[in-house]
Structure formats: C-alpha cells, structure tokens
Amino acid sequence: MLLGTQRISSEGTLEIGGCNAVELARAFGTPLYVMDEAALRGACRRYRKAFESRYPRNLIHYAGKAFLCTAMVRIAEQEGLGLDVASAGELHTALMADFPPSRINMHGNSKSLYELDMAVRNGVGHITIDNRLEIEMLADVLDRYPGHVQGVLVRCAPGVDPETHRYIRTGQADTKFGLNIADGSALEAVRLVVAKPNLRFKGIHFHVGSQLTDAESHVAAIEAAAELIASISAATGTDCEILNIGGGLGVRYLSDGAALQVEDFADSIVGSLRSSLERYGLPEPILAQEPGRAIVGEAGTTLYTIGAVKTVPVLTGGRGSRRADSRTATRTYASVDGGLSDNPRPQLYEARYEAICASRAAEPHDRVVTIAGKHCETDVLIWDAKCPVLCPGDILAVQTTGAYNYAMASNYNRFPKPAVVLVNDGQADVIVERETIEDMVRCDRLPDRLVKPSLRDGEASIAPETS
Ligand SMILES: Cc1ncc(COP(=O)(O)O)c(C=O)c1O
C-alpha cells in the first residue's frame, strides 16, 4: 500500500514527498514522524470540494486533536479551513500561529474557567457547550467582558451507537459527551442559553464517533438533530443557524481495509440532511464539520530503525505450558526504536497497521513478522506485518500514522518525543523538534531534603546529554 506521494525509488527505497526515507532517517534520526504535505493539502481540498460542490453553505473545521503544531495550523488556514480546539494548549498553538480566532471552535467536556476565559478573551468564534454547568461558568466569565456576546453551539448526544471501537464511540446515550436529546436535556440547555443575554445560540453539534467506514450513524444522528432543531424552534422561536456534525470519516490503515470515499460520504450526508430538513419544514442551516483523521491520517508515516530480531517458539497448551510443540510454528519479533510512546493506538484500540521496509522497499514483502516496540510493556505495533526478512539497521515505515500518533505521544519510559518533518518536492523541514533526554528532566525539581551533597557542592560532574 503506497499512500499520497509515496513511491519506490530506482534504488529500491521508499520515497515520500520526493525525499528518500532512508536519508530522512539518517538526517533526522528515528523514530521520525514524516508528514507528506501534498497528501495533507490534497485531503483538505478533496474534503472541501466534496461538500462545497453538494452543499454550498458549509464550514469545515480541522479537528486539531488529530495532529496539531504551529505548521499544521498554518496549513489549515492556507487551505481555508476553520479550526476545532479542545484545550488551552490547542488554543494556544492556534493563536501562536496567528490563526484567526473568529474561525476557531472551542470544545471540551470539562472546560475550566481558565479555558473559557482564554477563549472569550481571544475572541474565539464559537464555544461548544457540553453541559449545564458550563452555561453558568461561561455566563460568569462573560460578566468580566461587558458588551461581549459569545456565539455558542450546544453539543447533543443523538443516541446513535456507531460501528467502531468502543473507546471512540461518542454518539450513544451512555456517553460523557454532550446533552441527551431523547430525555430533553439538550432542549433544556438551549432554553438556558437563549435566556442568557451574553450568549448567542448559534446551533447544535454532535460527534458520533471516529474511524467510521459508513455514513449510517451520521445519517441517524442528522435525523435526530433535525427533530431537535424543530423542537428548539417551536419552544424558543430560535433558528438553528449551524448544524455541526463533528468528524469521524475513517481512513485506510490496511491495504484490504474498507475506507469510505469522502464523495460518497458527502452524498449520504447531504442527501439525508436535505430530506430530514424537508420532513420538519426547516430552512437549510450552515453544515459545519470537524474532520481530523480524514485530513491528516494517511499523510503521516513513522520511520523506525530495526533493532534486535529474534525468533521464538510458539507454545501451545495454554498458559503455563513449557514445551514447544513440534507441530507449531515460531514467531519472529523485530523490535523497533519506538512503540507505545509514539503510537499508543494498538494498545488503546487494538488498532492495526501496515508497514513497508523503507530500506528494501522493492523486495517482496512476503514474510510474516511481529513488529515490537521497545517499551516495558508488550507494545506490539503490528502482530503480523508482511515484510522482507528484516535485519538490524533496516528502516521500517509504518503507514497511516498522521492522526492520533504524535498527538497522543507520551514520555513513557522517559522516551523523548520524536521529531516531525514535513516533506514536499524533495524538501524536508522539521516542524516539531525532537525532544532530548535533557527535556526528560527539565521539569523535575529536587526538594532540598533530597539534594545529595555532591550535587549541591557541584562535585558531581554530570555532563548534559545532547542526544
Ligand atoms: C468533538 C469532536 N470533533 C471532531 C473529532 C475528530 O474526529 P475524527 O478525527 O474521527 O474526524 C473528534 C474526535 O474525537 C471529536 O471528539
């Protein structure tokens, strides 16, 4: 599976954005996140076009949670997208990259007073209200800014249970997100918003789930939302200017995996929206969306260096069995220099990936190998990868790591987070620097009673590490 601008060079190595992946690994180190700029921009344009051509009143906000850094913010702005942020950190990143605040939508199911104040102070376009407490908190914050009227959306739980991993389902009734439609909580919240002079009700929002391979749950949620919009209009006389249907469109992780094309998704969304609106006699709202994975997922590749390769007997007979059964096969583990800390999705969601041996990309990928991480966990990245025989020093490229990889990276085992490079037309630019092992102790503080005298007296000669 070759994605975006990936191709196999005449030397038999993997190329991304016109850059040799093996050279990238050498120049920037591994693990390394590589973002294919042309693929990224192509996904933005294709998503916009799919909807603009079918439903001109639409607004596409990139969901920053999938992958955010200042360069990504610049690309989103250049591509004419709005931005969805879900924390003070994401908002700060957007503002540091000079993203127009009026095109930002602030999310979160437990926003702090600080985050609400930061959003209001910086003129964020919309705040998506998740719960009743937040209505009061936001109204209190606005009291500090006389004359400021804040546009808000109300997030609702449409009671739709999508077909995806249970940790990324959010549209069902039993969810921490939003206000239930069926039990009247969503309508009640809208009434409260409408009654606040410093809040302006702009519309409703839902997000049913992520990595969806059909539009069924969106379609069901649109129907529930249209009914809610009709009851809001009847109960409060207020129109719903915006219907925000969140994100959720899935991407291709596996060559035989089904991914819904954005054009087909748009057909289903726009078709069902128009028929639901007609059923309730409603005017066309602005259709807002928040795709994350569909914008960045396939544009990202992670490069690793292969370390130890070992073949182990596969024991049968269950736990405690000590004998290798002569009839069973062996398993080959190839360990890489990253794993759980740069990609937690296999552990979190049993997410599956494919890989290419970037250093020998032209060779047949017909051997089954288990790609293991190097953390103190069984952090297997891919149980049954198809590769050539892997050797220490080979460069492995794991596909479709653009979404929720760098964004979810941690410092487990005190691993510095990898760098991110943006590649395009043979040029590679670092857009996020690699953390250093010095960064791993940067926030550590020693209370006086723990300071070893040798440290205080400067006798300990610990030279800072540079890599
Ligand atoms: C409110 C909201 N909007 C948008 C998204 C982006 O979803 P996706 O990356 O699946 O498009 C999420 C993901 O969790 C979300 O919670």
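We count residues from 1, following the sequence as given. Everything numeric in this text was worked out from a predicted model, so none of it was measured. As the structure lists them, so they are numbered: ligands from 1, and atoms in each ligand from 1.
- We find that E90 and K65 are not joined by a salt bridge, their nearest charged nitrogen and carboxylate oxygen being 4.0 Å or further apart.
- Scanning for salt bridge (charged side-chain N to carboxylate O under 4.0 Å, His left out) contacts around D379 gives an empty result, with sequence neighbours left out.
- Protein residues having a heavy atom under 4.0 Å from any atom of ligand 1 are A63, K65, D84, H107, R155, H205, H207, S210, G247, G248, E290, P291, G292, R293, Y404, listed by chain and number.
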Open item on the list: I'd like to know whether E263 forms a salt bridge (Lys or Arg N to Asp or Glu O under 4.0 Å) with R54, so could you lay out the CA-CA distance, the side-chain angles of the two residues, the decisive distance to 0.1 Å, and finally the verdict.
Closed with: CA-CA 9 Å; E263 295 76 15; R54 288 164 176 81; over 6 Å; no
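- The pair K176-D130 does not meet the salt-bridge criterion, since no charged nitrogen lies less than 4.0 angstrom from a carboxylate oxygen.
- Between I242 and P285, the closest side-chain pair of non-hydrogen atoms is not below 4.5 Å.
- A donor-acceptor pair shorter than 3.5 Å cannot be found between the side chains of E77 and Y62.
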